[in-house]
Amino acid sequence: MQEEFDALQRNRTWTLVPRPPRANVITGKWVFRHKTRSDGSLERYKARWVVRGFRQRAGVDFTETFAPVVKPGTIRTVLQLAVSRGWPVHQMDVSNAFLHGHLEEQVFCEQPTGFVDASFPGHVCLLSRSLYGLKQAPRAWYQRIAGFLQTLGFSVTRSDASLFVYRHGDTTAYLLLYVDDIILTASSAAVLQQITLRLRDEFAIKDLGALHYFLGIEVVRRPDGFFLHQQKYAHELLERAGMLNCHPVATPVDTKAKVSALEGSPASDAPFYRSIVGALQYLTLTRPDLQYAVQQVCLHMHAPRDSHWTLVKRILRYIRGTMTLGLTLTASTSLEMVAYSDADWAGCPDTHRSTSGYTVYLGDSLISWSSKRQATVSRSSAEAEYRAVANAVAECCWVRQLLAELFIPMPKASVVFCDNISSVYMPSNPVHHRRTKHIELDIHFVREQVALGKLRVLHVPTKQQFADVLTKGLPTTAFQDFRSSLCIRPPDASTAAGC
């Protein structure tokens, strides 16, 4: 507590002033936690003074609160580029990051418990820096570090507001920001060290060395790439769900039809259901093989039933047998982009909407994927498939723009594979038939990208449609084959090209 209070004092976080009449003075509390290492061992004890931001009043002591965080697809893309070029990748942590943010609003809070100034016990703190718990604290911190990085020569990308790019001659560096966690990679170790020193001069930065543990994801660097896994997180999730000693199953979902929202009786503990399903969503950061199954149980978070909890337990049993699996990013000399798009048709028993899915590969590595129920009812299987193609094309356009801002040229058109012949025919056919006029907006979008030469939509046999695993439950053999195609590997597996 003393260490935290001293840090607040050194940072000149507040000024003691007499309590203004009718001012909104918020209170705070001390929060204690254990900081652990990636192996679960105790690193240190931590105390933090946190204010009760829920007592703030909009328009009085806060206005804008949104602060961006880096997208998972951006992280995987940058790591893929770094490993393909042999660049060093370091991780950093900013101590008391939110305390560096400057406040534009006038905010008053009580003096910290146990550290009330004996000379002015009735005074309150007029904050000049942000504190943890304030609604605008994340935004203030982001604006502070973004402004400083721009003075160093970094520019923020339009594709992702938390990705900063430094380019000077042959020197290039990428910086990823997720609140107070930083990933920094550069074209040389000297440039990386120089940027680190400049950051240290401005903020309380800890250089944690080579990237190994970031946002609960363990990163293992190999000669041929990165291996990303969440084994520790999966173990904790199973323990929290009481499924640590369950019997494993071979697939996360069966091949039966999708479960209705009204099937079964209401779940006995709906908050617990939402807690476990929310945790499963985070596990999909490195486990695309779970994406479809998790997407299905997420559809029922508002009103879960016993049948839906059965689906969740099936996913947990699958995780129990595959905890060591993770995502492999393999170094590649070619950085061509290929996507696979697929959809079922009217699979939802309640809304008759379709489920679309796509996978996007950069070189030999999977960098982006999605499984999502479509927003509208498709009138034919061709329409369902084509809407899935439109989603894949949109993601490819975003990745291409991201790569352009990272100074990665993409001279060749990206390829989107689809196993529906009608969907392949529509982007290149200038004639609008009566049965397709209701989806003209999607057709115009995809056709424009094809006409510009940025994308091509080609046919692929269903047996080679990698995105099939993101739209429906598959038999064990087919599921395991597709899982391998999603770059999912055990930790000791070889990572041959073409995963």
Side-chain angles (χ1 to χ4, degrees), residues 67-95 97 100-102 140-212 214 219 221 225-226 329 331-337 362-363 365 367 397-412 454:
V69 292
V70 68
K71 301 174 184 176
T74 304
I75 297 175
R76 291 187 286 263
T77 300
V78 169
L79 291 182
Q80 174 65 14
L81 296 177
V83 76
S84 296
R85 295 176 168 188
W87 289 4
V89 184
H90 276 220
Q91 64 180 104
M92 303 176 191
D93 178 71
V94 185
S95 299
H100 294 286
H102 296 292
W141 157 242
Y142 172 82
Q143 291 176 334
R144 173 75 191 285
I145 190 171
F148 177 74
L149 289 173
Q150 289 175 1
T151 64
L152 296 184
F154 281 86
S155 59
V156 61
T157 61
R158 291 177 297 171
S159 304
D160 193 325
S162 292
L163 170 62
F164 299 85
V165 179
Y166 176 85
R167 177 82 166 186
H168 184 73
D170 296 332
T171 301
T172 305
Y174 306 142
L175 186 144
L176 298 166
L177 177 67
Y178 194 102
V179 191
D180 59 352
D181 291 308
I182 295 174
I183 293 179
L184 178 63
T185 181
S187 52
S188 69
V191 174
L192 190 147
Q193 184 65 22
Q194 180 183 0
I195 296 173
T196 302
L197 292 176
R198 294 293 300 276
L199 288 170
R200 277 182 178 173
D201 292 339
E202 184 71 13
F203 307 108
I205 294 284
K206 296 181 188 174
D207 185 356
L208 303 178
L211 178 64
H212 61 279
F214 183 76
V219 182
R221 183 139 195 182
F226 282 112
L329 301 178
S332 177
T333 55
S334 171
L335 291 177
E336 296 182 5
M337 186 163 56
L362 184 62
S365 302
I367 60 167
C397 289
W398 174 77
V399 175
R400 289 180 68 93
Q401 178 181 327
L402 175 66
L403 293 173
E405 295 186 90
L406 295 175
F407 301 97
I408 306 298
M410 296 288 288
K412 294 184 179 180
K454 296 181 178 180

(request) With the side chain counted from C-beta on, respond yes when Phe214 and Asp181 share a heavy-atom pair under 4.5 Å apart, and no when they do not. (result) yes
(request) For His90 and Thr196, run side-chain contact (heavy atoms from CB on, under 4.5 Å): C-alpha distance rounded to whole Å, both residues' side-chain angles, the deciding distance at 0.1 Å, then the answer. (result) CA-CA 10 Å; His90 276 220; Thr196 302; 5.7 Å; no
(message) Is there a side-chain contact between Thr157 and Gln401 in this structure, where contact means two heavy atoms from C-beta onward sitting under 4.5 Å apart?
(response) no
(message) To the closest 0.5 Å, what do you measure between CH2 (Trp141) and NE2 (His102)?
(response) 10.5 Å
(message) What I'd like to find out is whether the side chain of Leu406 reaches to under 4.5 Å of the side chain of Tyr174, using heavy atoms alone.
(response) yes
(request) Using a cut-off of 6.0 Å, state whether more than 12 heavy atoms not belonging to Arg158 lie near its atom CZ. (result) no
(request) Kindly assign one of parallel, tilted or perpendicular to the pair Phe164 and Tyr142, based on the angle between their ring planes and the thresholds 30° and 60°. (result) tilted
(request) Determine whether Gln194 and Thr171 make a side-chain contact, defined as any pair of heavy atoms from C-beta on separated by less than 4.5 Å. (result) no
(request) Would you mind telling me which of Ile367, Thr172, Leu362 makes a side-chain contact (heavy atoms from CB on, under 4.5 Å) with Leu81? (result) Leu362
(request) Find the distance between OG (Ser95) and CD1 (Ile205) and round it off to the nearest 0.5 Å. (result) 8.0 Å
(request) Give the intermediate values and the outcome of side-chain contact (heavy atoms from CB on, under 4.5 Å) for residues His168 and Val191. (result) CA-CA 11 Å; His168 184 73; Val191 174; over 6 Å; no
(request) Would you check if the side chain of Thr185 reaches a backbone N or O of Pro88 as a donor-acceptor pair within less than 3.5 Å? (result) yes
(message) To the closest 0.5 Å, what do you measure between CG (Leu211) and CD1 (Ile182)?
(response) 13.0 Å
(message) Nearest 0.5 Å, please: how far is OG in Ser159 from CH2 in Trp398?
(response) 7.0 Å
(message) Side chains of Leu199 and Met92, heavy atoms from C-beta outward: is any pair under 4.5 Å?
(response) yes
(request) Return the minimal non-hydrogen interatomic distance between Gln80 and Ser84, and the atom names on each side. (result) O-OG, 2.8 Å
(message) Would you say that Gln150 contacts Val156 through its side chain, given a criterion of any heavy-atom pair below 4.5 Å between the two side chains?
(response) yes
(request) Using the six-membered ring wherever Trp is involved, compare the ring planes of His100 and Phe203 and label them parallel, tilted or perpendicular (cut-offs 30° and 60°). (result) perpendicular
(message) How long is the straight-line distance from CG of Leu177 back to OG1 of Thr74, given to the nearest 0.5 Å?
(response) 12.0 Å
(request) Answer whether the closest heavy-atom distance between the side chains of Asp160 and Glu405 falls below 4.5 Å. (result) no
(request) Identify the heavy atoms of Phe148 and Arg198 that sit nearest to each other, and give their distance. (result) CZ-O, 3.5 Å
(request) Answer yes or no: does atom CG of Asp201 have more than 12 heavy-atom neighbours from other residues, nucleotides or ligands under 6.0 Å? (result) yes
(message) If we ignore hydrogens and angles and just use 3.5 Å, is the side chain of Ser162 paired with the main-chain N or O of Pro68 as donor and acceptor?
(response) yes
(message) side-chain contact (heavy atoms from CB on, under 4.5 Å) for Val78 and Ile183? Distances and angles first, verdict last.
(response) CA-CA 10 Å; Val78 169; Ile183 293 179; 5.6 Å; no
(request) Starting at CG of Leu197, measure out to CD1 of Ile195 and round the result to the nearest 0.5 Å. (result) 10.5 Å
(message) With side-chain contact (heavy atoms from CB on, under 4.5 Å) as the criterion, how do Arg221 and Val83 come out once you've worked through the C-alpha distance, each side chain's angles and the decisive distance to 0.1 Å?
(response) CA-CA 9 Å; Arg221 183 139 195 182; Val83 76; 4.2 Å; yes
(request) Please check if the side chain of Gln91 supplies one atom and the backbone of His212 the other of a donor-acceptor pair under 3.5 Å. (result) yes
(request) Determine whether Leu403 and Leu335 make a side-chain contact, defined as any pair of heavy atoms from C-beta on separated by less than 4.5 Å. (result) no
